[in-house]
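Comments concern the structure below.
Position 1 is the first residue of the sequence, and the numbers go up from there.
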Amino acid sequence: MLAAAFGTGQVLWDIIWFFVFFMWLMLLFYVFSDIFRSHDLSGGLKALWIVVIIILPYLGVLIYLI
């Protein structure tokens with residue numbers, strides 16, 4: 001019964017969404033590590049970037065990368 005509910009297209013979409021989710025987690029990991037390794041940012045600015053990324057994740061990461 002369960003195999004009949006998942007067709008080839010559904011499995012493909014699940015794999016694509018898993019890959020996109022994994023990419024997002026890796027991007028967050030890289031941005032957080034870059035913030036903490038940065039020597040030119042003070043502690044307050046690092047905390048502010050972390051708060052912005054936690055509250056507005058997509059916009060915060062996009063602004064940080066730009």
Practice task
Could you give me the CA-CA distance, side-chain angles and deciding distance for Phe36 and Ile50, then say whether side chain to side chain contact (heavy atoms under 4.5 Å, CB included) is met?
Solution key: CA-CA 10 Å; Phe36 284 115; Ile50 297 300; 4.1 Å; yes
Count I, L, V, M, F, W, Y as connected when their side-chain heavy atoms are under 4.5 Å apart, and connections chain through other members. Are [X] and [Y] then in the same cluster?
X: Met26; Y: Leu65; value: no
X: Tyr64; Y: Ile55; value: yes
X: Ile54; Y: Phe21; value: no
X: Ile16; Y: Met23; value: no
X: Trp17; Y: Phe22; value: no

Exercise for the section: Decide if atom OH of Tyr30 counts as having more than 12 heavy atoms of other residues, nucleotides or ligands within a radius under 6.0 Å. Expected result: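 Atom OH in Tyr30 is not crowded, with 12 or fewer foreign heavy atoms closer than 6.0 Å.
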As an exercise, state the distance from [atom1] of [X] to [atom2] of [Y], rounded to the nearest 0.5 Å.
X: Leu27; Y: Phe32; atom1: CG; atom2: CZ; value: 10.5 Å
X: Ile53; Y: Leu62; atom1: CD1; atom2: CG; value: 11.0 Å
X: Gln10; Y: Ile15; atom1: CD; atom2: CD1; value: 10.5 Å

Practice task
Compare all side-chain heavy atoms of Trp24 with those of Val61 and state whether any distance is below 4.5 angstrom.
Solution key: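 Yes, at least one pair of side-chain atoms sits under 4.5 Å.
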Exercise for the section: May I ask you to test the Ile63-Val52 pair for a side-chain heavy-atom distance under 4.5 Å? Expected result: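 Ile63 vs Val52: side chains apart.
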Exercise for the section: Taking Ser33 for its side chain and Phe29 for its backbone only, find out whether a donor-acceptor pair lies under 3.5 Å. Expected result: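 Checking the backbone N and O of Phe29 against the side chain of Ser33, a donor-acceptor pair under 3.5 Å is found.
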